[in-house]
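Here is the structure we will look at, set down as structure tokens.
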Amino acid sequence: MVHGMVMLLFIYSTCLVLVQRVEAADPDPLVDFSANATTPVFRNIFANGDVSIGSGGVRAALDIGKFPGLTSQGLTVVQFKMVPCGENVPHTHPRATELLSLISGGPLQAGFVDTKGQAHIHILYPGDLIVFPRGLLHFELNVGTETAFYLSALNSQNPGTLDAAGAVLQLPERAAAIAFNQDIATVGALKSQRPYNEPPTLEAAKHGVCVPGQLISTTV
């Protein structure tokens with residue numbers, strides 16, 4: 001009797017976990033191709049996509065608003081042209097895993113920090129790919145002398161982007177000061193210089209922080 005109750009509890013728990021996993025993902029498509037889409041082709045993402053231009057380069061994204069063909073496919077696509085010493089500043093995607101592929105230029109220093117606080121930093125060359133697990137803090141920095149052209153695919157049509165530094169600085173200054181182990185005046189100065197990065201843009205390093213083609217390392 002006890003054994004049977006334990007088995008029932010185990011089956012129930014397993015089913016609950018599976019249901020939670022299904023609910024956490026994008027829903028399965030109900031049609032082959034969205035009725036709102038006129039074509040499965042999108043032309044010239046850097047001209048017609050959701051484009052943001054920053055000091056570190058150009059970011060061009062596609063979502064269902066720009067490209068209805070993506071509707072219910074569980075995908076978002078972003079392409080980048082990042083100048084030397086440009087950075088896609090540390091951020092997270094709360095609803096998606098990201099797969100990044102460097103096509104040309106760079107190289108890129110890229111990586112993420114896991115929930116144990118361990119950094120996974122790598123140098124990417126053309127043809128290399130890296131995965132950023134869902135919800136984990138990650139970044140890309142062009143440490144080379146050539147513009148880096150790369151693309152990312154995310155497994156949600158609404159992955160979300162949370163700017164890590166900008167988000168902390170949206171907190172009350174006392175809370176942010178404790179988190180950074182700084183005084184409130186320092187945090188206030190940072191807050192005035194560092195607005196929340198929305199829409200997401202690529203940023204260039206300040207003079208002296210990064211020199212193109214130097215210190216191509218996973219530790220600097």
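Numbers here simply count residues along the sequence, with the first being 1. Values below: all heavy atoms of this structure, side chains included; hydrogens, waters and symmetry mates excluded.
- Formation of a donor-acceptor pair under 3.5 Å by the D128 side chain with backbone atoms of Y125 is found in this model.
- With sequence neighbours left out, the side chain to side chain contact (heavy atoms under 4.5 Å, CB included) criterion links L70 to L62, I64, F67, L75.
- Summarising the geometry, atom NE2 belonging to H91 is positioned 11.5 Å from atom CG belonging to L136; distances are rounded to the nearest 0.5 Å.
- Using cut-offs of 30° and 60° on the angle between ring planes, the pair F112 and H120 is parallel.
- Taking 4.0 Å as the cut-off between side-chain N and carboxylate O, D183 and R174 do not count as a salt-bridged pair.
- The side-chain heavy atoms of D63 and Q157, taken from C-beta on, include no pair separated by under 4.5 Å.
- Remark: Q109 CD to N142 CG distance equals 10.5 Å, nearest 0.5 Å.
- D26 and S156 form a side-chain donor-acceptor contact under 3.5 Å, judged by distance and modelled atom types alone.
- Interatomic distance, E198 CD to L162 CG, rounded to the nearest 0.5 Å: 10.5 Å.
- Surrounding CG of N181 are at most 12 heavy atoms belonging to other residues, nucleotides or ligands under 6.0 Å away.
- Counting heavy atoms from C-beta on, the side chains of M82 and T147 never come closer than 4.5 Å.
- With F42 as the aromatic partner, K66 does not meet the cation-pi criteria of under 6.0 angstrom to the ring centre and within 45 degrees of the ring axis.
- Here the straight-line distance linking atom CG of L141 with atom CG of L124 works out to 11.0 Å at 0.5 Å rounding.
- For the 3.5 Å distance criterion, the side chains of E98 and S152 qualify, holding a donor opposite an acceptor.
- T97 places a side-chain heavy atom less than 4.5 Å from the side chain of V131.
- Annotation: side chain of T76 is not in contact with side chain of N158 (no heavy-atom distance under 4.5 Å).
- Remark: L151 CG to F80 CZ distance equals 9.0 Å, nearest 0.5 Å.
- Contact of the T186 side chain with the I184 side chain is not registered, since no non-hydrogen atoms from C-beta on lie closer than 4.5 Å.
- Side-chain contact annotation: T71 with Q73, donor-acceptor N/O pair under 3.5 Å absent.
- Side-chain contact between V89 and F139 is absent, with no heavy-atom pair separated by less than 4.5 Å.
- Side-chain contact between E87 and E140: absent, with no pair of heavy atoms (C-beta onward) separated by less than 4.5 Å.
- In this structure, the side chains of P94 and T92 come closer than 4.5 Å at one or more pairs of heavy atoms.
- Looking at Y150 and Q79, their side chains never bring a donor and an acceptor atom within 3.5 Å of each other.
- A donor-acceptor pair under 3.5 Å is formed between the side chain of D114 and the backbone N or O of Q118.
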